[in-house]
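One structure is given below, encoded as structure tokens.
When a ligand or atom number is given, it counts from 1 through the structure's own listing order. Since we're looking at a predicted model, the values are computed, not measured.
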Amino acid sequence: MSPTVDLTNDGDIAVLTIDSPPVNALSADVRDGLAAGFAAAIADPLVRAIVLICAGRTFIAGADISEFGKPPRGASLHQVQLDMEASPKPIVAAIHGTALGGGLEVALACHYRVAVPSAKLGLPEVKLGLLPGAGGTQRLPRLVGVEQALKMVTSGVPIGGKAALSFGLVDELAPEGELLATAKAFAGRSGLALIQVRDRNEKVEAAHANAVTLFADFRKANARAMRGFEAPEANIKCIEAAVNLPFADGLAFEREQFMHLMNGLQSKAQRYAFFAERMANKIDGLPADAKPLPVESVGIIGAGTMGGGIAMNFLNAGLPVTIVETKQEALDRGVATIRKNYENTAAKGRMTAADVEARMALLTPTLSLEDLGQADMIIEAVFENMDIKKEVFGKLDRIAKPGAILASNTSYLNVDEIAASTSRPESVIGLHFFSPANVMRLLEVVRGARTDVQVLATAMATAKRIGKVAAVSGVCHGFIGNRMLSLRQQQAQALLLEGALPEQVDRVLYDFGFPMGPFQMSDLAGLDIGWSADTSKGATIRDRLCEAGLRGQKNGHGFYDYDAQRNRVPSPVAEKIIFDFAAEKGIQRRDIDDTEILERCLYPMINEGALILAEGMAQRASDIDIVWIYGYGWPVYRGGPMFWADHQGLAKVAAGLTRYGFEVAPLLAKLAAEGGSFTGQV
Ligand code: 3H9
């Protein structure tokens, strides 16, 4: 009846099965199939009830995002839902995998929902800069209550089958593997009432009395997480409408808000980022037979902040980790920090004490590099110094078993040079984690000139396994992310000398959407990272601050002064150092406006991004954007630096660079002249 939707009868129960890989998204074909399937089942006199189920790994994972922004085709989802609700025969959704977005909204238009415990149900539209546009904001609170609905639509985080049952989102749990049989039995019950979610007003009416406080409190409690984003507030307004307006009016309000977001730049940027993230996983020219090697045990060299954080990723994924240090004290400290991090998580209720012990039991601390002989993957996280890294890799070459992956967590150094210190450069790769390594989602995978494709494929698969977003970089100083960052840092420093103050530069970048500005970041990291009194040349503001004993947050004084609660205020000492340094250099300080600060911090990064692209160090502009979104806190609603530049207009960016005295990268100059773009998304 449709290539993607199949209708069969089992006795007097009709079973409508969607089979549209990979995730049964609601494409025009699927919507057409649903419209026709429900019409046929309703018209069939032999059918008493209908089960809606999906083939493959998941229930409907949402609207087909790739159709957004294109002219409408096929049956309208709203009409399909109206027909379902009006069905004179009960419809039961049978849910496994993920029922997300439009998928959950279809389930909410069914009379009943049956799910397996492993199912995940949610409305993640907010992550795409959207809100549920097919009645989700009006129907969900009617089942789960206003507070829970608010949480779900503003976080986008799905809930599991058991929680869904407890909130009333599903009516029955089916044993795993028995979903269809359970749903059919449910649908076959005699006297099953035709309950429409839209009519179930008890929970929204119950919220009426204290609605004003409830919404105000929710906004206040979540203000920080929602800062800069348009979609969360629109989602909240729609839930408010569910409480304050009749269903039909609430639905109309939701529609209007949905269209407003859909046509806005934030959602466009977030939808772009969704596909960019998946695209980053695809490697140009990787042969189809490059199958990942098995990784069942990991060795980590270095138990400092980085090594410990990296270890936690693997422990969380259930992989045994052997961690190596040179001194017992450092080893003990590293292991204790890992334990403390887990215990903090447990104290917040996000992990049980048993989980903590299970993870710690997977960790083997050792002082002997020889203990890494059986590890499938070894990640070096020692001091950022080429000679030390070469020495470590030389030793690993002797110790590691044949075929083991030898990775360096270097953030700047030449991976090919490191690889050359072994007899097996094909096994060597860069795995650049970002600090804190157990939290930050990005993994920059550095492909050496001789890295084997299978090793590369393994790195990508491993990244996915430990929940990281991986982007591939070629070998260049600082790779994609730090190479671009250094341009921003140079400009931030120059701006201070020319007339700006740290708080002004930080505010401009914070208001742009970064979690913090460059000077706050330096203070947090510690001003003396990589600095030493013996070699300091006093050539930068940072050198001067360090020479004056300012270390950042750790000693309460840096670009800012900090109190015991880490509240910051401008530092008169730092200001004097800046002023004196500028005077020494003969720089006449001047007023610098916010626009200049923003453009000088961001445009040179984009220029560098253009060079990176032209050199083939990044496969595509969207990979650069992924690096910045997941590694450096670039606001996802601005799509990443290359997407943002496209929307600024490349001619404007090029002209700005020229005005500020930069040489415009040839690729940028060419695209600007042609009216082209980096991402093809304008
Ligand atoms: C919505 O529903 C709006 C409505 O309220 C309004 C209606 C009017 N569309 O992630 P994976 C592709 S908004 C199109 O690697 P996983 C994806 O690109 C939608 N394509 O797998 C990838 O393609 P490829 C609300 C989609 O197992 C492939 O499927 N829903 C869609 O790690 C596999 O994806 C969401 O936001 C889609 N909706 O994770 C859910 N979803 O192989 C978004 C996936 O060519 N999706 N693809 O690279 C997800 O969260 C995850 O994909 C999911 C599977 C958890 C489902």
Please report the interatomic distance CD1(Ile60) to CG(Leu52), rounded to the nearest 0.5 Å.
5.5 Å
Selection from Gln81, Glu277, Arg278 by shortest heavy-atom distance to atom 11 (P) of ligand 1
Arg278
Among all protein non-hydrogen atoms, which one is nearest to atom 32 (O) of ligand 1, and what is the separation to 0.1 Å?
Lys464 NZ, 4.0 Å
Number the atoms of ligand 1 from 1 as they appear, then name those within less than 4.0 Å of a heavy atom of Gly101, with their elements.
2 (O), 25 (C)
Against heavy atoms of Pro132, which atoms of ligand 1 measure under 4.0 Å?
5 (O)
Check whether Glu176 reaches the backbone of Ser118 with its side chain - one donor and one acceptor, N or O, closer than 3.5 Å.
yes
Decide whether an N or O pair under 3.5 Å exists between Glu125 and ligand 1.
yes
Aromatic contact, Trp634 with Phe643 (centres under 6.0 Å):
no
Which residue holds the protein heavy atom closest to atom 38 (N) of ligand 1, what is that atom called, and what is the gap in Å?
Ala63 O, 2.8 Å
Record the part of Ala61 in heavy-atom contact with ligand 1 below 4.0 Å; permitted values are side chain, backbone, both and neither.
both
Could you tell me whether ligand 1 has any atom less than 4.0 Å away from a heavy atom of Val23?
yes
Starting from atom 9 (N) of ligand 1, find the nearest protein heavy-atom neighbour and note its residue, name and distance.
Ile65 N, 2.9 Å
When rounded to the nearest 0.5 angstrom, what distance separates CD1 in Ile283 from CE in Met460?
4.0 Å
For atom 46 (N) of ligand 1, state which one of Phe59, Phe274, Phe275, Phe258 supplies the nearest heavy atom.
Phe274
So the atoms of ligand 1 within less than 4.0 Å of a heavy atom of Lys282 turn out to be 24 (P), 48 (O)
Protein contact of atom 50 (O) of ligand 1 - nearest heavy atom, named by residue and atom, plus distance
Leu100 CD1, 4.0 Å
I need the Arg139 CZ to Gln81 CD distance, nearest 0.5 Å.
5.0 Å
Heavy-atom contacts with Pro22 under 4.0 Å: which atoms of ligand 1 show up? List them by number with element.
28 (C), 29 (O)
Distance check, rounded to the nearest 0.5 Å: Asp249 atom CG versus Gln138 atom CD?
9.5 Å
Could you work out, for atom 33 (C) of ligand 1, the closest of Arg31, Arg57, Lys120 by heavy-atom distance?
Arg57
State the atoms of ligand 1, each with its element, that fall below the 4.0 Å cut-off from a heavy-atom position in Leu128.
13 (S), 19 (C), 36 (O)
With a 4.0 Å heavy-atom cut-off (strictly under), which part of Asp64 contacts ligand 1: side chain, backbone, both or neither?
both
Could you list the atoms of ligand 1 found under 4.0 angstrom from a heavy atom of Gly133?
4 (C), 5 (O), 6 (C)
For ligand 1, which atoms sit closer than 4.0 Å to a heavy atom of Glu105?
4 (C), 5 (O)
Ring of Phe274, cation from Arg278 - is the NZ or CZ under 6.0 Å from the centre and inside 45° of the axis?
yes
Please report whether atom 35 (C) of ligand 1 has a protein non-hydrogen atom at a separation of less than 4.0 Å.
yes
For Met279, does the CE atom sit with more than 12 other heavy atoms under 6.0 Å from it, leaving out its own atoms?
no
Return a yes/no value: protein heavy atom under 4.0 Å from atom 23 (O) of ligand 1?
no
Between Arg465 and Glu296, does at least one N-O distance fall below 4.0 Å, as a salt bridge requires?
yes
For Tyr632 together with Phe434, are the ring centres under 6.0 Å from each other?
yes
Under 4.0 Å to a heavy atom of Gly62 - the qualifying atoms of ligand 1, by number:
2 (O), 30 (N)
ring-ring contact (aromatic ring centres under 6.0 Å, His included) with Tyr637: which of Tyr272, Phe229, Trp644?
Phe229
Which bit of Pro124 is near ligand 1, meaning a heavy atom under 4.0 Å away: side chain, backbone, both or neither?
side chain
Indicate whether the side chain of Thr98 and that of Thr58 have a donor and an acceptor atom separated by less than 3.5 Å.
yes
Here's one to test your reading of the geometry: is the NZ or CZ of Arg638 within 45 degrees of the ring axis of Phe512 and under 6.0 Å from its centre?
yes
